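Below: one structure in C-alpha cells.
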Amino acid sequence: MARPAGLSGFPEWLPDGRLVELEVLDTVRRVFELHGFTPLETRSVEPVDVLLRKGEIDKEVYAVRRLHSEPGDEDALALHFDLTVPFARFVVENASRLDFPLRRYQVQKVWRGERPQEGRFREFTQADIDIVDVDRLATHHDAEMALVMAEVFASLPFLPPATIHVNNRKVLEGFYRGLGVDDVPAVLRAIDKLDKIGPAKVRTLLVESGLSEDVADRVLALAQIRGTDGSVADEVRALGVSDPLLDEGLAELVAVVEAAQRVRPGAIEADLHIARGLDYYTGTVYETTLEGFESFGSICSGGRYDALASDGRTTYPGVGISLGVTRLVSLLLGRDLARATRKVPSAVLVAVVDEESRPASDAVAHALRSRGIPCEVAPRAERFGKQIKHADRRGIPYVWFPDAEGDTVKDIRSGEQVGADATTWTPPDTDLRPRVVAVTDGEAESEEGAS
RNA sequence: GUGGGUGUAGCUCAGCUGGUAGAGCGCUGCGUUGUGGUCGCAGAUGUCGCGGGUUCGAGUCCCGUCACUCACCCCA
C-alpha cells in the first residue's frame with residue numbers, strides 16, 4: 001500500500017495513494033469555489049524577516065539561497081511554513097487591487113524543519129480559506145469558516161466522521177484573568193494535553209505551574225465543558241468567574257455554535273479545552289478531530305486574528321481555517337481507511353493481437369477516448385493471458401479484444417465477455433474513473449481485493 | 001534540540017549461549033501453444049544499514065556512524 005518512503009518527512013505516495021490525495025484536493029477546490037472563495041497562489045519563498053516576527057528565532061524554517069550566491073548579495077529568503085503569513089503579506093502589497101471583504105482559498109505545499117513523526121511532515125500540503133476585511137470583519141464569518149470545512153468533510157464519504165471543535169480565546173483569557181492566573185501560556189499548554197494525558201494529570205501540571213488547588217479545579221472544569229447551544233455559556237458562568245472579556249467571548253462562541261448547528265447539526269461543537277498556541281489568534285479558534293482517531297491530532301485548524309495584516313495605517317482583520325491535506329491523506333493511507341478502486345485512470349486496456357495490427361488497437365483507443373473513456377493500449381503483443389494480467393494488476397476493469405470478425409470487451413472481474421463497438425460502448429459510471437472508497441473490515445486483510 | 005527503539009530478499013519478518021542465511025507473500029517460467037485469477041510443479045533474488053574492533057570464525061559480541069521510528073517540544 002502507498003506510504004511514505006525515502007526522505008523522512010518528505011512523503012511520496014504511490015500512484016494509488018496520489019489518487020486518494022487528488023480526490024481530497026478536487027473536493028476541497030470544488031467546495032471552496034461553491035462557497036465563492038477565489039483562488040490564490042503565492043510564491044514559495046518569503047524574506048526571512050516576513051516569516052519570523054522580531055524576537056522569533058526558534059521557528060524551524062528552511063533558508064533558501066543560490067548555490068552560487070556570494071555572501072550578502074541577496075536578501076535572505078526562506079520557504080514559507082504556512083499560507084497565512086504569505087497571504088497577509090500579499091494582502092498588504094495588493095490591497096488597492098483587491099476587493100474587500102476578500103474570500104480566498106489557497107492550496108499549496110509548506111515546509112517546516114520540525115522532527116517528523118506520524119502525521120507530522122517537513123513538506124506538506126495545506127488547504128486554507130480565509131476571509132479578510134478592512135478595519136472590521138463581521139463575526140458571522142466565524143461560523144461560515146467551520147461550515148465550509150464541515151461541507152468538505154461531508155463530501156468525502158470515505159472519511160471517518162469529523163467534528164470541528166470551536167472555542168474562543170476571549171473566553172479563556174477572560175476566565176483566567178478573572179481567576180488571577182499569571183502564567184496563561186503554561187495553563188494553555190497544560191489544557192492542550194487534556195485529550196492525551198487526561199484530567200488528573202493535567203490537574204497535576206496546573207498545580208505544578210503555580211495554581212492553587214481551587215483555581216486548578218476551576219480551570220479544569222472550564223476545559224471540560226462542551227456543547228452545541230447557549231447552555232455552554234450557562235455552564236461557564238456557573239463556575240463563578242466574571243470578566244468583561246469572558247462575557248464577550250461567550251457571546252461570540254455561542255453565536256458561532258448556534259449558527260453552525262442550524263445549518264449542519266452535530267458537525268461543530270463548542271469545546272472549551274481547545275487552546276491553540278497563543279500567537280495571533282484573538283477570538284474564535286478551531287480544531288478538528290476524526291472519530292476514532294482523536295489522538296492523531298487536529299487535521300483542520302484555524303481561527304480569527306483581529307490584525308491579520310497591517311500596513312501601519314489600515315488594519316485587516318481575518319478569520320481562516322486550514323486543512324492539513326497531507327496529514328489527512330497519510331492517516332487514510334497509513335491506517336488503510338480508504339483506497340482508490342484502481343491504480344491507473346484507464347477503464348479499458350485495449351489488447352494488441354500482433355504488432356502488425358497495433359494500428360487497429362490504437363483506433364479503438366482513439367474512439368473510446370473521443371467519448372471520454374480513459375484507456376490505454378497494451379504495451380506488448382503478448383499472449384492474451386498476459387495482457388489480461390497486465391490489466392488485472394493495475395485494476396483496469398475491462399480488456400478490449402479487437403477482431404476483424406467483431407470486437408469483444410471482457411469485464412475481467414466477472415469474466416463476462418460480449419460483442420462491442422468502440423463508437424458506442426460505454427462502461428458503467430462507477431467504472432469510468434478510479435474512485436476512492438472506504439476500506440471495510442472484510443477488505444482490510446486482502447491487499448488487492450481480487451473479486 | 002533531548003531521550004528511547006529498530007535496521008536481514010521487492011514486502012512482512014524468523015535466525016538460540018558466535019559456526020558461514022531462512023519462511024510466508026510477491027516475482028519469473030511450465031502445466032495451460034493467444035483469455036488472467038484457483039491449484040500443482042520448478043526457479044531467481046541478499047554488499048545481514050555502513051565503518052572499525054574482539055575472535056580460528058561475527059547477522060549474532062563491543063565501539064563508532066548513518067538512516068528510519070517513537071516520545072518530549074511544537075503543530076496541519
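Chain naming here is simple, since letters A, B, ... match the order of the sequence lines and numbering starts at 1 in each. This one's a predicted model, so the numbers in the text were calculated from it and none came from an experiment.
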At 4.0 Å (heavy atoms only), tell me whether Lys193(A) reaches a base, stays on the sugar-phosphate, or touches nothing. sugar-phosphate
Within the 4.5 Å heavy-atom criterion, are Thr326(A) and Pro11(A) side-chain neighbours or not? yes
Asp411(A) CG to G37(B) P, in whole Å, measures 17 Å
Below 3.5 Å is the cut-off: list the nitrogen or oxygen pairs between protein and nucleotides 25-27 of chain B, distance only.
from, atom 1, to, atom 2, distance (Å)
C27(B), OP1, Arg393(A), NE, 3.1
C27(B), OP1, Arg393(A), NH2, 3.1

query: Touch check for Val352(A), heavy atoms < 4.0 angstrom, all strands: base, sugar-phosphate only, or nothing?
result: base
Which of G36(B), C30(B), G1(B) is nearest the side chain of Arg383(A)? It is C30(B)
Across all chains, not counting sequence neighbours, the ring-ring contact (aromatic ring centres under 6.0 Å, His included) partners of Phe32(A) are Tyr105(A)
Exercise for the section: Name the nucleic acid region contacted by Ile299(A), choosing base, sugar-phosphate or nothing; use a 4.0 angstrom heavy-atom cut-off, strictly under. Expected result: sugar-phosphate
To the nearest angstrom, the CG-C1' distance between Leu323(A) and C75(B) comes to 15 Å
- Task: Answer with yes or no whether Arg115(A) presents, from its side chain, a donor or acceptor under 3.5 Å of a partner atom in the base of U69(B).
- Result: no
Mind checking Lys410(A) for me? I need base, sugar-phosphate or nothing, with any heavy atom below 4.0 Å counting as a touch.
base
Q | Sidechain N-carboxylate O distance under 4.0 Å for Arg169(A), Glu252(A) | A | no
Exercise for the section: Could you measure between the two P atoms, the one in C74(B) and the one in U12(B), and give it in whole Å? Expected result: 33 Å
From CZ of Phe384(A) across to C1' of G37(B) the rounded distance in Å is 18 Å
Looking only at side-chain N and O atoms, does Lys386(A) come under 4.0 Å of OP1 or OP2 in U32(B)? no
Stem ranges of RNA chain B by first residue number, counting only runs of at least 3 Watson-Crick or G-U pairs under 3.5 Å, come to B:1-7 with B:66-72, B:10-13 with B:22-25, B:27-31 with B:39-43, B:49-53 with B:61-65
Under 3.5 Å, is there a donor-acceptor pair between the Thr163(A) and Glu269(A) side chains?
no
note: Asp392(A), atom CG; G36(B), atom P; distance rounded to Å ~ 11 Å
Practice task
Sticking with atom P, work out how far C50(B) lies from G43(B), rounded to a whole angstrom.
Solution key: 29 Å
Between Gly302(A) and Gln117(A), whichever has its closest RNA chain B nucleotide further toward 5' is Gln117(A)
From CZ of Arg112(A) across to P of C73(B) the rounded distance in Å is 17 Å
I'd like the C1' distance from G59(B) over to G46(B), given in whole Å. 12 Å
**Nearest-angstrom distance, C1' atom, A9(B) to U47(B)** = 13 Å
Assert: residue with more 5' nearest nucleotide on RNA chain B, out of Ser322(A) and Arg380(A), is Arg380(A)
Problem - Any side-chain donor near an acceptor of the partner, Tyr305(A) and Asp130(A), under 3.5 Å - result: yes
Heavy-atom nearest pair, Leu19(A) first then Ala340(A), reads CB-CB, 4.0 Å
C75(B) and A58(B), which share atom name C1', separated by this distance in whole Å | 45 Å
request  = Examine the base of C74(B) for any acceptor or donor lying under 3.5 Å from a partner atom in the side chain of Arg120(A), and report the outcome as yes or no.
outcome  = yes
Between CZ of Phe121(A) and C1' of C68(B) the distance, given in whole Å, is 14 Å
| task | Could you measure between the two C1' atoms, the one in A23(B) and the one in C68(B), and give it in whole Å? | result | 25 Å
Trp425(A) meets the ring-ring contact (aromatic ring centres under 6.0 Å, His included) criterion, sequence neighbours left out, with Tyr398(A), Trp400(A)
| said: Checking Thr430(A) against Arg435(A): is there a side-chain donor and acceptor pair closer than 3.5 Å? | reply: no
P-based separation of G37(B) from A44(B) [nearest Å]: 23 Å
Of the candidates C73(B), G29(B), U35(B), the side chain of Gln417(A) sits closest to U35(B)
- Does Gln387(A) put a side-chain nitrogen or oxygen below 4.0 Å from OP1 or OP2 of G36(B)? no
Whole-Å distance, Phe124(A) CZ to C74(B) C1', equals 11 Å
*asked:* By the 4.0 Å heavy-atom rule, please label Arg189(A) as base, sugar-phosphate, or nothing.
replied: sugar-phosphate
> Contact class for Glu118(A) (heavy atom, under 4.0 Å): base, sugar-phosphate, or nothing?
Replying inline: sugar-phosphate
Residue set satisfying salt bridge (charged side-chain N to carboxylate O under 4.0 Å, His left out) with Arg122(A), at least two apart, ordered chain then number -> none
Contact class for Gly297(A) vs. all strands (heavy atom < 4.0 Å): base, sugar-phosphate, or nothing?
nothing
Residues 142-161 of chain A vs side chain to side chain donor-acceptor pair (under 3.5 Å), sequence neighbours excluded, gives His35(A)-Glu151(A), Arg103(A)-Glu144(A), His141(A)-Glu144(A), Asp142(A)-Thr284(A), Asp142(A)-Arg304(A)
From CZ of Arg122(A) across to P of A67(B) the rounded distance in Å is 10 Å
Lys NZ or Arg CZ of Arg104(A) over Phe87(A) ring: under 6.0 Å, within 45°: yes
Can you say whether a donor on the side chain of Arg327(A) sits under 3.5 Å from an acceptor on the base of C75(B), or the other way round?
yes
For the C1' atoms, the ones on C66(B) and on A14(B), what distance do you get once it is rounded to whole angstrom? 25 Å
For Thr282(A) and Asp306(A) the tightest heavy-atom approach is OG1-N, 2.9 Å
